[in-house]
**Q** 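Take a look at the following structure, please.
By convention here, the first residue in the shown sequence is residue 1.
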Amino acid sequence: MKTIAYTIKDELGIHARPAGLLTKLAKNFKSKAMIGKPEKMVEASNIIGIMSLGIRQGEEITVTFEGEDEAEAAATMEKFLSDNL
């Protein structure tokens, strides 16, 4: 299992556009990806779940990956987060 932590820098937090791109990215990997805060985790491929987290600027999120391509998935997701959020 691979885990990354990231603090959201976007002033709008995770809103619809980046959430949609994030779910699309998560669907490209065979590994199961979960995203969220300590109190609630959802599948990264579920846009409704991500939006229900209400993640705002300054909040730290955790993304976990489990599966055969977890290292590649984690590296790609970490780059996406730093480039977009």
**Q** Applying side chain to side chain contact (heavy atoms under 4.5 Å, CB included), name anything that partners S52, two or more places apart in sequence or on another chain.
**A**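 Side chain to side chain contact (heavy atoms under 4.5 Å, CB included) list for S52, sorted by chain: K40.
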**Q** Listed by chain and number, what are the side-chain hydrogen bond (donor to acceptor under 3.5 Å, both in side chains) partners of T23, not counting sequence neighbours?
**A** none
**Q** Other than M41, which residues form its hydrophobic cluster under the rule that side-chain heavy atoms must be closer than 4.5 Å?
**A** M34
**Q** Would you please name every residue forming a salt bridge (Lys or Arg N to Asp or Glu O under 4.0 Å) with K27, sequence neighbours left out?
**A** none
**Q** Hey, could you give me the CD1/OH distance between I35 and Y6, rounded to the nearest 0.5 Å?
**A** 11.0 Å
**Q** Does E72 have any salt bridge (Lys or Arg N to Asp or Glu O under 4.0 Å) partners at least two apart in sequence or in another chain, and if so, which?
**A**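 Here no residue qualifies.
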**Q** Of all residues at least two apart in sequence or in a different chain, which pass the side-chain hydrogen bond (donor to acceptor under 3.5 Å, both in side chains) check with K32?
**A**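 Partners of K32 by the side-chain hydrogen bond (donor to acceptor under 3.5 Å, both in side chains) criterion come out as none, since no residue qualifies.
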**Q** Kindly list each side-chain donor-acceptor pair under 3.5 angstrom involving residues 42-51, sequence neighbours excluded, with atom names and distances?
**A**
residue	atom	partner	partner atom	Å
N46	OD1	I48	N	3.1
N46	OD1	G49	N	2.9

**Q** With rounding to the nearest 0.5 Å, note down the distance linking CD1 in I4 to OG1 in T64.
**A** 9.5 Å
**Q** Could you tell me whether E70 and K2 have a side-chain N and a carboxylate O separated by less than 4.0 Å?
**A**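 Salt bridge flag = no for K2 with E70.
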**Q** Could you walk me through whether F65 and T3 pass the side-chain contact (heavy atoms from CB on, under 4.5 Å) test, one step at a time?
**A** CA-CA 6 Å; F65 304 88; T3 302; over 6 Å; no
**Q** Quick one: CG on L85 to CD1 on I61, what's the gap to the nearest 0.5 Å?
**A**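 Here the interatomic distance stands at 7.0 Å.
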**Q** Sequence neighbours excluded, which residues qualify as salt bridge (Lys or Arg N to Asp or Glu O under 4.0 Å) partners of K24?
**A**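 With sequence neighbours excluded, K24 shows a salt bridge (Lys or Arg N to Asp or Glu O under 4.0 Å) to no residue whatsoever.
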**Q** Which pairs count as salt bridge (charged side-chain N to carboxylate O under 4.0 Å, His left out) when at least one residue sits in residues 56-67, sequence neighbours excluded?
**A**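 Non-adjacent pairs meeting salt bridge (charged side-chain N to carboxylate O under 4.0 Å, His left out): K37-E59.
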**Q** Tell me which donor-acceptor pairs under 3.5 Å the side chains of residues 7-22 have, and how far apart each pair is, sequence neighbours excluded?
**A**
residue	atom	partner	partner atom	Å
K9	NZ	T7	O	3.3
D10	OD1	L12	N	2.7

**Q** State which residues pass side-chain hydrogen bond (donor to acceptor under 3.5 Å, both in side chains) with D69; sequence neighbours excluded, sorted by chain then number.
**A**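 side-chain hydrogen bond (donor to acceptor under 3.5 Å, both in side chains) list for D69, sorted by chain: S31.
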**Q** Kindly state each residue pair satisfying salt bridge (charged side-chain N to carboxylate O under 4.0 Å, His left out) with at least one member in residues 76-85, sequence neighbours excluded.
**A** K79-D83
